[in-house]
Amino acid sequence: MIIDYEHKHSGHCESGATAGLLKHNGLEISEPMAFGIGSGLYFTYMPFIKAQDAPLFAFRIRPGMVFRNTTRRLNVKTGIFKKFSDPGKAMMLLDDNLEKKIPTGLQVGMYHLKYFPAGYQLPYNFHNIVVFGKENDTYHISEPNRETTQLLTSEDLKKARFARGMFGPKGKMYYVLEVNQEPDYRKAIREAIKNTSFKMTKQRFPFIGVYGIKKLSKDMKNWPKKYPDEKAMFYLLQFVRSIEEFGTGGAGYRYMYGAFLKEAADLFKHDGLHSDAFRMGEIADLWRDFSYRSARFFKSRDDSGDNFLTLSDILMEIGNSEEKFFKEIGKTRL
Amino acid sequence: MEREEIYDKEKIEADNLMEPIYRHDQNGNYSLGIGYDYLPKDDLMCHEFWKITNEKLGRIRQEVRDGKSTPLLFFMEKYFLDPFAFSKFLGISVLRLKRHMKPSVYARLKPHVIQKYADALEITLDEFIAMKGFDA
């Protein structure tokens, strides 16, 4: 039993899965659109939580929220099973879905996905895949991060769905039951942009949103004094990796959000959104410039050109321009 | 700026690490491209990251052979976990894990206990004892 599901190589696993599932049900929606309507953009800097030996940096909202926000705002009927206590029942429900020709999104741990190279097989439990077929004991998987579809045995899939470790997926599965063929895009996009603006600028907690960027900028100045040289450099390395590598590539989701704004502007012939999309691209260029200059600093280890002080100044500039941008975008009339 | 100096396209293509990236041009248009021609992405920073990680793992492996550390610490560091997260991954209590990470206690562990840890990591007992890293 293999469902005729169109696999698409996408930049970010959850937006890709969401867009794919909606597209299968007849709602043509692109990946940036799913990301934007799901209010996926965010920034978090948590110095007290360590991920991969460095503070936690995140450029997106909590896993699972993109699918939930997008489907709610577009009035899509969905089925979500948050957790199972019995793995056998979880696999049975998945098989039932496939029998009914419903492609199903799963949250899995990456450690058990054998088709990834060894460097990717880490205990990271927030990955998303779409299962669209079963033959004998093998599942057909649409893996958003890979160009082609993949195969996985049921034993491995079961392990991945019930991966142990922090924040285990516990077999979470989600699928689309029925789409509203003519959703109110204007309302959904207005709501989504307002929500992103609120989350980036109105939550006055120093570790999230634009305040997180500014806090990080201030902290970065002190890294060379506070930590030994190696450790400070490693923190910078991890930060640049989180901008450029985790999730989508290139300036931490900012380009994808710009693409969303551009698409929305074209949809409504809205001049304000056109210029917003352009400004988002400029801010993303600043992020890209930051990671480029950090990389050069990292390679040369030479304080005379760029150093932690100049890099933190760039970050402060990014924080200020993002604050201005998101405050203005929240007032957009659609 | 000269971006080429830190960007090695051939190596990335050889490793099959291409990814879709949204790009932005002078006119404010966005397009989807496949590749890494933007940034130090996965080239320098990722390369350096794995170099540092492999050096760290090599150091711990040497410490284990000198009897100052245990394979449990090696795998905890390999997967970038703290004791709490690693104990959840193995399915034991964190106090027990911390105790078993002491070389003197680890030396007295029965084979079936070590086998249990190897099973949780989905590797064989030999691989557990040999401490397989990312480079090997």
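Chain letters run A, B, ... following the sequence lines, proteins first, then strands; residues in each count from 1. The model shown is predicted, which means the values in this text are computed figures rather than measured ones.
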Problem - Segment of B/L81 engaging chain A (4.5 angstrom heavy-atom cut-off) - result: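 Only the side chain of B/L81 comes within 4.5 Å of chain A.
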
Exceeds 12 heavy-atom contacts within 6.0 angstrom, atom [atom1] of [X]:
{"X": "A/D229", "atom1": "CG", "answer": "no"}
{"X": "A/K114", "atom1": "NZ", "answer": "yes"}
{"X": "B/F84", "atom1": "CZ", "answer": "no"}

Exercise for the section: Please state whether the side chain, the backbone, both or neither of A/Y124 comes within less than 4.5 Å of a heavy atom of chain B. Expected result: neither

Practice task
Counting only heavy atoms closer than 4.5 Å, note whether A/K8 contacts chain B via side chain, backbone, both or neither.
Solution key: neither

Problem - Ion pair check, A/E230 and B/K56, cut-off under 4.0 Å - result: no

Completion exercise
When every non-hydrogen atom of B/A120 is compared with those of A/R164, the smallest separation belongs to CB-NH2, 3.6 Å

Handout entry: Least distance between heavy atoms, A/Y111 atom then B/L121 atom
Key =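 Residues A/Y111 and B/L121, closest heavy atoms: OH-O, 2.7 Å.
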
